[in-house]
Amino acid sequence: MTKTTIPVHLDINGHHHELQLEPRVTLLDALRDRLGLTGTKKGCDHGQCGACTVHVDGERVLACLTLAAQVEGRTVTTIEGLAREGEPHPVQAAFLEQDAFQCGYCTPGQIMSAVACIREGHAGSDDEIREYMAGNLCRCGAYPHIVAAVRQAALEVAS
Ligand code: FES
Ligand code: FES
């Protein structure tokens, strides 16, 4: 059986990519398998864990539930696109300072969610951070350190 592919133009971390993809290919698989951007993790592949969180036009989305073709003409940012001029993003730096990970598998998704959470204005208290980061699971239970990192980064961004 021949597979039908379509041209898909993607803007990822400021770089333009032209791919031939089956229409059913997810953004997550396009990033990881076609573009080698493996920082975005595949946890559940069913929208349950947040490991695949990326930004589309600045909003957080689950790449496992998003078709690559759906984001044509939009701006995608992955964990690889957060640092600026060799300097880690303040949220990345805060995760390091607060030791906010153990195995690290959930960490890219946590960081992408945290950047959006702060940008959305939902990092005003630990309870609010927990609520708005609830879609990002951590099997290692690093939650107290993750909340501390988001709190630190939110204060730095505000100052
Ligand atoms: S891999 Fe997308 S939510 Fe788990
Ligand atoms: S640090 Fe291991 S899953 Fe979160």
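Computed from a prediction, not measured in an experiment: that's the story for all the values here. Both ligands and their constituent atoms are indexed starting at 1 by order of listing.
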Evaluate the side-chain proximity of [Y] to [X]: yes if any heavy-atom separation is below 4.5 Å, no if none is.
X: Gln70; Y: Leu27; answer: no
X: Thr26; Y: Cys64; answer: no
X: Asp11; Y: Val76; answer: no
X: Leu82; Y: Met112; answer: yes
X: Arg60; Y: Glu120; answer: yes
X: Val54; Y: Val61; answer: yes
X: Ile146; Y: Phe95; answer: yes
X: Asp29; Y: Lys42; answer: yes

Review point. Is the distance between atom 4 (Fe) of ligand 2 and the nearest N/O/S atom of Cys103 smaller than 2.8 Å?
Key: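 False for Cys103.
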| atom 4 (Fe) of ligand 2 contact by Cys106, N, O or S atom under 2.8 Å | yes
request  = Treat each ILVMFWY residue as a node, draw an edge where side-chain heavy atoms are under 4.5 Å apart, and state whether Ile129 and Tyr143 are in one component.
outcome  = no
Within the 4.0 Å heavy-atom shell around [X], which atoms of ligand 1 are there?
X: Cys64; result: 1 (S), 2 (Fe), 3 (S)
X: Gln48; result: 3 (S)
X: Gly47; result: 3 (S)
X: Cys44; result: 1 (S), 3 (S), 4 (Fe)
X: Asp45; result: 1 (S), 4 (Fe)
X: Gly50; result: 3 (S), 4 (Fe)
X: Cys49; result: 1 (S), 3 (S), 4 (Fe)

(Q) Could you identify the single nearest non-hydrogen protein atom to atom 1 (S) of ligand 2 and state the distance to 0.1 Å? (A)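 It is Gln102 N, 3.2 Å.
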Can you report which non-hydrogen protein atom sits closest to atom 3 (S) of ligand 2, along with the distance?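 For this ligand atom, the closest protein heavy atom is Arg139 N, 3.3 Å.
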If I take every N, O or S atom of Cys52, is at least one of them less than 2.8 Å from atom 2 (Fe) of ligand 1?
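Checking atom 2 (Fe) of ligand 1 against Cys52, an N, O or S atom does fall under 2.8 Å.
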Taking 2.8 Å as the cut-off, does His46 contribute an N, O or S atom near atom 2 (Fe) of ligand 1, distance below it? no
- Message: Quick check against the 3.5 Å criterion: does Asp57 have a side-chain atom that pairs as donor or acceptor with the backbone of Thr75?
- Response: yes
For Gly104, the ligand 2 atoms with a heavy-atom partner under 4.0 Å come out as 1 (S), 2 (Fe)
Can you tell me which portion of Cys140 lies within the under-4.0 Å heavy-atom range of ligand 2? Options are side chain, backbone, both, or neither.
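Looking at Cys140 and ligand 2, atoms from backbone and side chain both fall under 4.0 Å.
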